[in-house]
Amino acid sequence: MATPAPPISPPPFPKPITASPRKDTHPLSLLPKCNSLRELKQIQAYSIKTHLQNDISVLTKLINCCTVHPTTSSMEHAHHLFDQIPNPDIVLFNFMARGYARTTSPFRAFTLFTQTPNLVPDNYTFPSLLKACASSKAIQQGKQLHCLVVKHGQNCNIYVYPALINMYTECNDMDSAAQIFSRILEPCVVIYNALIAGYVRSSQPNKALSLFQELQARNVNPTYVTMLSVLSSCALLGALDMGKWVHKYVNRNGFDQHVKVSTALIDMYAKCGSLNDAVSVFESMTFRDTQAWSAMIVAYAIHGHGYRAISTFEEMKMAHVEPDAITFLGLLYACNHTGLVDEGWGYFFSMRDKYKISTGIKHYGCMVDMLGRAGRLYDAYKFINELPIKPTPILWRTLLAACNSYGNVKLGKLVIEKIFGLDDSHSGDYVIFSNMCARAGRRKDVNYIRKLMKDKGVEKVPGCSSIEVNNVVHEFFSGDGTRVEHRELHKTLDELVEELKLVGYVPDTSLVFHADMEDREKEATLRYHSEKLAIAFGLLNTPSGMTIRIVKNLRICGDCHSAAKFISSVFKRQIILRDVQRFHHFKDGKCSCGDYW
DNA sequence: TTAGGGTTAG
């Protein structure tokens, strides 16, 4: 008998989709993206509640979270979790290395690596470790890593090349960086970016720009990061024409949409002496972050518009953009150069008490400079002595400059002793102190300082001024007085100085370092100062009425400052001179700094 | 999960 066919049953109801309880309650599925401390706490609370705190994937997620935007305490937490894992894999290690590379204790990344020898590094390991060495300038460890990179056959790795180059550039070993670069047959844009940024960092803007030209010649497409370095190079050189060309290039290629590029443009225009262009870039921005506002505040400050810097800060507050330590540096800098001592104190205290931003050495430097410029030399001295940190030679040097301005040799002597106790290799200190003594008629002290400088083998940094004419940057050094190719320039300067004397210019030979020179010799030394050579070159090689723009590597000397004022009125030329500190706009016999510098 | 960047007292 045949077995009756089973009754046709209706198709079964689809099974209700019930996710496994494990999966449903798994914190990772609830928080797919975790990159904040708040989320970290949520995951942790959830994992404890659901007894998943020892789940390796939860721990991985937690360590990732701690190390994305790490702080010292979040790294301590990450390390604590890492120690709990019996056999951490390379992914976990990479998280840890990244975290340490991004905090102020990058050295620990290297230590952790040496303490976990069984790990096999992958593509992501060396870049983080190298970055850690770069940020702590640990070149010895960096070199050891370079050897390991070669050992693991990762020396041709596209991720490792930029990190290696960056490590060497941040450790100021540009030769090694350039050597690695030269061996790469087809460098990609990131590799170019690493070396170009290195040249900018080591103040070699010309090399950075020629590498940018090479990149273009080899048809490698630049990125916005490349443009940041290129704009920085223009800013360093003070090359406005070049900067304007880069601005057009940036617009043509759509990089101007990037807020960082616009910020770099503001900085470039400000440092190339064109505040108006900086303002128009700033005004054209649809979105402005803290850095963009800060760049504009700094731009006003270096051009001596203290009040505009302050009103920009007020606008920034109205726009609800939070200031940072650099914003306040710009504000203090603005107060400095405008003589706004009370406002400066106000900002100094409000950044600390109201905005909870910690004051750093650079803010202290601003305060010392501000008090010093206002002639409150002993207040500045007291301020330095009462600082919570050990004063650096730079802080004392700032006060020394103020002592020089006010001719206070007594305090100056005390200050130079403090400086020499910390660092006696800075030629500028000897020069300033010698100038002070010379002006006070203390010839013996001048001779002593000169001898000291000679005995210690300290060499004076030659003054260098540059001027850009028809896209070529011409450099002049103070010692160029004897160069044959400058004969015509000397003749022009000789005639110029005689003409200026007729309208009241008196060369200030007290500023000449060599006290034993004859007055005629001193005048000749002064006459061929680099900034005067550059101005004369500008007068000869640019059409009448055109603004002359000069960039100087040191502070402008008092005599050149006076001569430039006379030149601006006699020749009806505007002269914009950027020295190591700030801008001087000379027009109709006056300077924008109001002689307050 | 990885590389590359700007604003910074004297």
Side-chain angles (χ1 to χ4, degrees), chain A residues 60 63-64 67-68 89-99 101 121-131 134 154 157-167 169 188-198 200-201 222-232 235 258-268 270-271 289-299 301-302 324-330 332-333 335-337 359-370 372-373 392-402 419 426 428-429 432 554-555 580-582:
Chain A
T60 306
I63 289 177
N64 180 19
T67 57
V68 175
D89 65 0
I90 191 65
V91 175
L92 274 167
F93 175 79
N94 288 342
F95 283 137
M96 293 301 295
R98 176 190 63 182
D122 66 6
N123 273 352
Y124 306 109
T125 314
F126 284 119
S128 282
L129 288 169
L130 287 164
K131 179 79 185 165
Q154 289 203 7
N157 186 313
I158 191 146
Y159 297 113
V160 176
Y161 270 141
L164 266 176
I165 291 173
N166 185 52
M167 183 275 293
T169 65
C188 67
V189 65
V190 180
I191 293 170
Y192 268 106
N193 287 350
L195 193 60
I196 292 174
V200 173
R201 206 178 291 122
T223 64
Y224 86 92
V225 176
T226 325
M227 300 326 292
L228 295 178
S229 290
V230 170
L231 285 167
S232 228
H258 218 291
V259 66
K260 290 182 183 193
V261 173
S262 299
T263 306
L265 278 167
I266 295 171
D267 177 55
M268 179 278 291
K271 288 188 177 157
D289 59 7
T290 301
Q291 287 71 30
W293 284 98
S294 301
M296 197 61 239
I297 290 170
V298 172
I302 60 174
D324 64 6
I326 292 167
T327 320
F328 279 99
L329 212 47
L332 292 178
Y333 194 58
C335 295
N336 260 354
H337 291 270
T359 45
I361 187 78
K362 292 189 177 180
H363 302 99
Y364 303 141
C366 270
M367 295 308 288
V368 173
D369 197 30
M370 189 178 77
R373 278 172 200 275
T392 59
I394 299 172
L395 281 182
W396 289 118
R397 202 165 281 145
T398 309
L399 182 54
L400 184 69
I419 298 175
H426 198 270
D429 301 331
I432 288 186
L554 305 170
R555 267 178 84 162
V580 74
Q581 277 189 3
R582 57 165 298 151

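Labels below follow one simple rule: chain letters A, B, ... track the order of the sequence lines, proteins then strands, and each chain is numbered from 1. Atoms considered below: every heavy atom in the structure, side chains included; atoms not considered: hydrogens, waters and symmetry mates.
Note on A:I90: nothing from the nucleic acid sits closer than 4.0 angstrom, heavy atoms only. Within the nucleic acid shown, A:V298 comes within 4.0 Å of sugar-phosphate atoms alone, with no base atom in reach, counting heavy atoms only. Residue contacts for A:N94: at a heavy-atom cut-off of 4.0 Å it reaches a base atom on one of the strands shown. Among the atoms of the strands shown, none is found under 4.0 Å from any heavy atom of A:A264. If you check every strand for non-hydrogen atoms under 4.0 Å, A:Y159 touches a base. Nucleic acid contact for A:S232: sugar-phosphate only, since backbone atoms but no base atoms lie under 4.0 Å from a heavy atom of the residue.
Side-chain atoms of A:H426 do not come within 3.5 Å of backbone N or O of A:I394 as any donor-acceptor pair. At least one donor-acceptor pair under 3.5 Å links the side chain of A:T67 to the backbone N or O of A:N64.
For the OP1/OP2 pair of B:dT2 and a distance below 4.0 Å, the side-chain nitrogens and oxygens of A:R98 include at least one atom meeting the criterion. Residue A:Y364 has no polar side-chain atom (N or O) positioned under 4.0 Å from OP1 or OP2 of B:dG10. Between A:H363 and B:dG10 there is no side-chain N or O to OP1 or OP2 distance below 4.0 Å. Remark: A:N166 is not in phosphate contact with B:dA3, judged by side-chain N or O atoms under 4.0 Å from OP1 or OP2.
When rounded to the nearest whole Å, the span between CD1 of A:I165 and P of B:dA3 equals 15 Å. Per the geometry, CG belonging to A:L129 stands 18 Å off P belonging to B:dT1, to the nearest Å. Between the C1' atom of B:dG4 and the CE atom of A:M227 lies a distance of 14 Å, rounded to the nearest Å. Per the geometry, CG belonging to A:D122 stands 8 Å off C1' belonging to B:dT2, to the nearest Å. In this structure, A:I297 atom CD1 and B:dA9 atom P are separated by 14 Å, rounded to whole Å. Taking atom CD1 of A:I158 as the reference point, atom C1' of B:dG4 lies 12 Å away to the nearest angstrom. Atom CZ in A:R397 sits roughly 15 Å away from atom P in B:dA9 (whole-Å rounding). Taking atom OH of A:Y333 as the reference point, atom C1' of B:dT8 lies 10 Å away to the nearest angstrom.
Of the candidates B:dG4, B:dG10, B:dT2, the closest approach to any side-chain atom of A:A197 belongs to B:dG4. The side chain of A:D369 sits closest to B:dG10 out of B:dT7, B:dG10, B:dG4. Of the candidate nucleotides B:dA3, B:dT8, B:dA9, B:dT8 has the atom lying nearest to any side-chain atom of A:D267. The side chain of A:K271 has B:dT7 as its nearest neighbour among B:dT7, B:dG4, B:dT2. When each of B:dG4, B:dT1, B:dG10 is scored by its nearest atom to the side-chain atoms of A:F95, the top-ranked nucleotide is B:dT1. With distances taken from any side-chain atom of A:T398 to the nucleotides B:dT8, B:dG10, B:dA3, the minimum falls on B:dG10. Nearest to the side chain of A:I394, among B:dT1, B:dG10, B:dA9, sits B:dG10. With B:dA9, B:dT1, B:dA3 as the choices, the nucleotide that has an atom nearest any side-chain atom of A:L329 turns out to be B:dA9.
Applying the ring pair (Phe, Tyr, Trp, His ring centres under 6.0 Å) rule to A:Y333 yields the partners A:H337; only residues at least two apart in sequence or on another chain are considered. A:D89 pairs by the side-chain contact (heavy atoms from CB on, under 4.5 Å) definition with A:V91, A:L92, not counting sequence neighbours.
A:Y159 and A:Y124 have tilted rings, their planes meeting at an angle from 30° to 60° on a 0 to 90° scale.
Counting heavy atoms from C-beta outward, A:T60 and A:F95 have side chains that approach closer than 4.5 Å.
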